[in-house]
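First comes the structure, then the notes that go with it.
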Amino acid sequence: MSNHKNVNALTAGGVLVSLGIVFGDIGTSPLYTLKAIFKSVFESGQSINPDVVLGALSCIIWTLTLQTTIKYVIITLRADNRGEGGIFSLFSLVRKKAKWLVIPAIIGGAALLADGMITPSITVTSAIEGLKLKFPTVPVLPIVIGIIALLFIIQQFGTNLVGKLFGPIMFLWFATLGVAGIMHVTDDPSVFKALNPYYAIHLLVTNPAALVILGGVFLCTTGAEALYSDLGHCGKKNIRISWIFVKLMLILNYLGQGAWVLSHPNYNPLNPLENPFFQLVPQDMVIYLVILATTAAVIASQAMISGSFTLISEAVRLNLWPKVRINYPSVQKGQLYVPSINWLLMIGCILIVLYFRRSDDMEGAYGLAINLTFLMTTVLVAVYMLRKKFPKYLIIIFVVVYAVIELAFLVGNMSKFIHGGWVTLLISCGLLSVMWTWYSSRKIKNRFVKYVEIEDYYSILNELSNDESVPKYSSQLVYLTSANFKTEIESKIIYSIIQKEPKRADVYWLVHVDVMDEPYTMDYKVEFLIPGKLIRIDFKLGFRIEQRVNLLYRKVVEELVKNGEVDITSQYTSLNKHKITGDFRFVLLEKHLSKFTNLSFYERSIMDYYFVLKRLSLSEVTSFGLDSSYVEVEKVPLIFVTPDDIELNRLAV
């Protein structure tokens, strides 16, 4: 926990680390943003005149100010969950305010994951295309696919070592952006007029292609959500201070590109060899800029991939995603690796590169999905502000301003739908269907869970434990329970112990895991329901804590034995005299859908999809970290059909 407190301290090292982790995505946007805007203007039949250039630059500068600086760096970073950020951390802070808040959370999460497929594709392709300035015949696609494949392959080994280089490299990248821009602003100093928001408003009001232009402008701020997601790695103070430097360098670079375009009236945005970004350096320096741009693109992609892993691990803990294998490849706190998501992202990235082939065409797919995440974050932040009792007028201003801005961007981005935007929306919908199904199926299952008063069974359990006519099932018998109160227990557990196959044990244990809204909580409490016979353990685990029930349970039992609160010595005469520990057995109750289950068409569809996902996901034995040799899995129907549910007419003989 102390590591996370230290992260929030403002240090030179923290600022450098935040440059490497937080700003990769937004830092590589100068590679393609202005090029995309000018291309859309040119394709609408207009020339690239000073009004367009100054208007586009002004739109970019004020988008970085209103969207990235004010909304994310100043306001949203305040919504930290014990030092952690990201849309699911934010959802954890506000989810108790209203049940419907799960909808913006999963829409935003799904869109952010879809964005994780397009970010590496467009940034790496844009960087490698710069090689064509020096080597016109160079095959771009094989190089891009090779870099992307290598990037995903190394994830399983951890990025702790190379991660230490990210900060200095990104500092060099941003410094290069600023210097390259400064070298060209003198080409046409009138670009500084773009600092006046009048030029942005004038362009959007008078230009017939305003909405298409907005779709291009949005590319300059797509990394803002990743900035918030990485709050836990760097701390808000370090992010805020480093953003001052980053924003200055970005604006200088955009101004330099604008000045170059103004000083080259014959500029053709459709010519891939005339990307204003690569025109900022002398021809003999292009190769070095391409190498640096490619490295920055890889770092941006790495941040997006790591963010996707964190997002999925949180979704699993919050029951918004099927249980998947999560590995910890290094000792670095918070570094994790999710194999299924890694390979899914890699395949998605490679297919996107093969489908679009050029970064120009990828621009159409980029931005539409992440725009939805921005809108959903606005909703959740507004609820957070309500929870924190911000003045009502501030909340209304926040919602109105950002709803207008982001809906305008959404309308602009919708123009990209037929040009590739449908690809990321399709991916988002696929991911959203998984999240919604996993969440909804849990609600359907919970509706059919029947609880009984556990006190009614105290005497039976006590007698069964001492009944030597029943073969002993296990010395220590453990059930996982979803009952939130110690006075209740699922009827299925009682059925399993008493009726299905009477299970005699020396001690019955009930283990309950409660996922807390804080990220790193690790608390537990023990209740002795029947002294020495029935014990309940409640774990309160943060949404970023791995639920290794086997290890956690054994740790608690060791503590109880050490304190003399329980005796787990085997009660078998031959073993007891040698003080040998008794055997443990976990019983997991696995639900299945009976053909007699009475569900609506929608609910049955959800449950059918759920069971498909369940077959593809980790078993509960593995996901809870249980040793399969100590686990018994019993299948039980989701709904018990009793004779009371059936009406029969007896015919007279």
Query raised in the report: Does CZ belonging to R78 count more than 12 external heavy atoms closer than 6.0 Å?
Result: no
Query raised in the report: Under 6.0 Å between ring centres, would you say that holds for Y337 and F309?
Result: yes
Query raised in the report: Between atom CD1 of I460 and atom CG of D467, what is the distance when rounded to the nearest 0.5 Å?
Result: 12.0 Å
Query raised in the report: Within a reach of under 6.0 Å around NZ of K486, are more than 12 heavy atoms found that belong to other residues, nucleotides or ligands?
Result: no
Query raised in the report: Are D80 and K236 within salt-bridge range, i.e. N to O under 4.0 Å?
Result: yes
Query raised in the report: Does the side chain of S306 pick up a donor-acceptor pair with the side chain of Q302 at under 3.5 Å?
Result: yes
Query raised in the report: Taking side chain as C-beta onward, heavy atoms only, is L534 less than 4.5 Å from F528?
Result: no
Report task. Please find out if less than 6.0 Å separates the ring center of F374 from that of Y72. Result -> yes
Query raised in the report: Okay, side chain of R536, backbone of E527: is any donor-acceptor separation there less than 3.5 Å?
Result: no
Query raised in the report: Are any of the side-chain heavy atoms of M385 and F398 separated by less than 4.5 Å?
Result: yes
Tell me which donor-acceptor pairs under 3.5 Å the side chains of residues 85-107 have, and how far apart each pair is, sequence neighbours excluded?
residue	atom	partner	partner atom	Å
S89	OG	G85	O	3.1
S92	OG	F88	O	2.9
R95	NE	D517	OD1	2.7
R95	NH2	V515	O	3.3
R95	NH2	D517	OD1	2.9

**Report entry** Pairing of R447 and E603 as salt bridge, 4.0 angstrom limit
**Finding:** yes
Query raised in the report: Does the separation of the ring centres of W509 and Y553 fall below 6.0 angstrom?
Result: yes
Report summary line: Nearest heavy-atom approach of L461 to Y508 is O-CE1, 3.9 Å
Report summary line: On a heavy-atom basis, the closest approach of N327 and P339 is ND2-CG, 3.7 Å
Query raised in the report: With a 4.5 Å limit on heavy-atom distance, are the side chains of R325 and V338 in contact?
Result: no
Report task. Taking the six-membered ring of Y609 (Phe, Tyr or Trp), confirm whether the NZ or CZ of R604 is under 6.0 Å from its centre and within 45° of its axis. Result -> no
Requested in this report: Could you tell me which non-hydrogen atom of A111 sits nearest to which non-hydrogen atom of S428, and how far apart they are?
Outcome: CA-OG, 3.7 Å
Query raised in the report: Crowded around E468 CD? As in, over 12 foreign heavy atoms under 6.0 Å?
Result: no
Report task. Please say whether more than 12 non-hydrogen atoms of neighbouring residues, nucleotides or ligands are located less than 6.0 Å from CZ in R442. Result -> no
Report task. State whether D514 and K540 are salt-bridged, where the test is any N-O pair (Lys NZ or Arg NE/NH1/NH2 against Asp/Glu carboxylate O) under 4.0 Å. Result -> yes
List the atom pairs, with distances to 0.1 Å, where a side-chain N or O of residues 448-458 and a protein N or O form a donor-acceptor pair under 3.5 Å, not counting sequence neighbours.
residue	atom	partner	partner atom	Å
Y451	OH	S482	OG	3.2

Report task. Compare every heavy atom of I326 with every heavy atom of S313, then report the nearest pair and how far apart it is. Result -> CB-CD1, 3.7 Å
Requested in this report: Please report the shortest heavy-atom distance between Y479 and S496, naming the atom on each side.
Outcome: OH-OG, 2.7 Å
Query raised in the report: Would the number of heavy atoms belonging to other residues, nucleotides or ligands and lying under 6.0 Å from NZ of K388 be above 12?
Result: no
Report task. State, yes or no, whether a side-chain contact exists between S617 and W321 at a heavy-atom distance under 4.5 Å. Result -> no
Query - Beyond-backbone contact of Y473 with E501, side-chain heavy atoms, under 4.5 angstrom - result: yes
**Report entry** Point-to-point distance, once rounded to the nearest 0.5 Å, from CG of D506 to CG of D567
**Finding:** 9.0 Å
Query - Between Y610 and W438, ring centroids under 6.0 Å - result: yes
Query raised in the report: Between T378 and K71, is any side-chain donor less than 3.5 angstrom from a side-chain acceptor?
Result: yes
Query raised in the report: When the ring planes of Y384 and F390 are compared, do they come out parallel, tilted or perpendicular, using 30° and 60° as the limits?
Result: tilted
